[in-house]
Amino acid sequence: WIGYCPEIKLLDCTIRDGGLMNDHLFGDEIIKAVYQACIDAGIDYMELGYKSNKKIYSPDKFGKWKFCDEEDIRRIIGDNDSDLKLSVMADAERTNYHEDILPKEDSIIDIVRVATYINQIPTAIDMIKDAKDKGYECSCNLMAVSTVQESLIRSALDALMETPVDAIFIVDSFGSLYGEQIRELTTLYLEYAKP
């Protein structure tokens, strides 16, 4: 039996990740049900969807959870009178973060998770600083790391360690990482972790 480890946090990305399969066209009742299930299960974070640029992604084609406008979140969740923290993902170069991510005092979102490819690190750094300046927790997903040379990962981690980022995730898509690679990447990332 493993005891409770408060430093380990659980993030549910059912809606955000699932939205990739249905263009984020979830009805309000699904969002409310997943939200309540996360509360009941003691999940730490629920990722509602993306903060995507409406000039790149048309609201006529994509559902509300591609954009996570504050009024849509509040219509379903209210003021979030629970311990569950709410998350959104913001993709580098696909988010109008200066305008679409409100100051924290005007939002019930708690954390902005910046997703970036290695060639987008300068944009991601600006996004991290913007989110932190606005009062959010902020993490970074360095995407497609199975395709990136270690020297470039190290350069990205060096740059990210100079930002106020709260956490950096090991991420890949479509099951491209094997256990051995995850172990090696974890060791590498921990070299850069702040105490």
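What you see below is based on every heavy atom in this structure, not just the backbone, and it leaves out hydrogens, waters and symmetry mates. Note that the structure is predicted; figures quoted are calculated from it, not measured.
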Taking all atoms of both residues into account, what is the closest heavy-atom pair of [X] and [Y], and its distance?
X    : Y    : answer
Y117 : A144 : CE2-CB, 3.9 Å
S107 : Y136 : CB-OH, 3.2 Å
C138 : V165 : O-CG2, 3.6 Å
Y35  : M46  : CA-SD, 3.5 Å

Step by step, would you call R113 with N141 a side-chain contact (heavy atoms from CB on, under 4.5 Å)?
-> CA-CA 7 Å; R113 295 199 325 132; N141 289 12; 3.5 Å; yes

Derivation and outcome, side-chain contact (heavy atoms from CB on, under 4.5 Å), residues E184 and T187 = CA-CA 5 Å; E184 290 171 10; T187 300; 5.8 Å; no

Interatomic distance, [X] atom [atom1] to [Y] atom [atom2] [nearest 0.5 angstrom]:
X    : Y    : atom1 : atom2 : answer
I170 : Q181 : CD1   : CD    : 11.0 Å
L11  : E47  : CG    : CD    : 5.0 Å
L84  : D44  : CG    : CG    : 8.5 Å
I128 : K132 : CD1   : NZ    : 10.0 Å
Y189 : M161 : OH    : CE    : 10.0 Å
I121 : C140 : CD1   : SG    : 5.5 Å

Of F62, W65, Y50, F67, which meets ring-ring contact (aromatic ring centres under 6.0 Å, His included) against Y57?
->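 Single pass found, and it is F62.
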
Are [Y] and [X] connected in a single hydrophobic cluster, I mean Ile/Leu/Val/Met/Phe/Trp/Tyr linked by side-chain heavy atoms less than 4.5 Å apart?
X    : Y    : answer
I77  : V88  : yes
I31  : V34  : yes
M127 : I101 : yes
I182 : L10  : yes
Y178 : V148 : no

Please check this pair: side chain of [X] against backbone of [Y], looking for a donor-acceptor N/O pair closer than 3.5 Å.
X    : Y    : result
D166 : S139 : no
T116 : A92  : no
N53  : K55  : yes
K64  : D69  : no
K104 : I109 : yes
K134 : H98  : yes
S52  : K66  : yes
T163 : A159 : no

Using the side-chain contact (heavy atoms from CB on, under 4.5 Å) rule, take D40 and Q36 through it: C-alpha gap first, then chi angles, then the decisive distance, then the call.
-> CA-CA 6 Å; D40 294 345; Q36 190 59 53; 2.9 Å; yes

Report, as yes or no, whether the 6.0 Å neighbourhood of atom CD on E105 holds more than 12 heavy atoms from other residues, nucleotides or ligands.
->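 Check passes, neighbour count above 12.
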
Would K9 count as a cation-pi partner of Y45, with NZ or CZ less than 6.0 Å from the six-membered ring centre and within 45° of the ring normal?
->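 No, K9 does not lie over the aromatic ring of Y45.
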
I153, I168, L160, L157 screened by side chain to side chain contact (heavy atoms under 4.5 Å, CB included) with Y192, the one that passes | L157

Residue pairs passing the salt bridge (charged side-chain N to carboxylate O under 4.0 Å, His left out) test with at least one member in residues 82-94, sequence neighbours excluded, are K85-E137, D91-R94

Audit row: I118, L142, side-chain contact (heavy atoms from CB on, under 4.5 Å) steps and yes/no = CA-CA 7 Å; I118 198 81; L142 188 55; 4.1 Å; yes

Short N-O contact, D158 and R154, less than 4.0 angstrom | no

Any ion pair linking D72 and R75 (charged N to carboxylate O, less than 4.0 Å)?
->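 Yes.
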
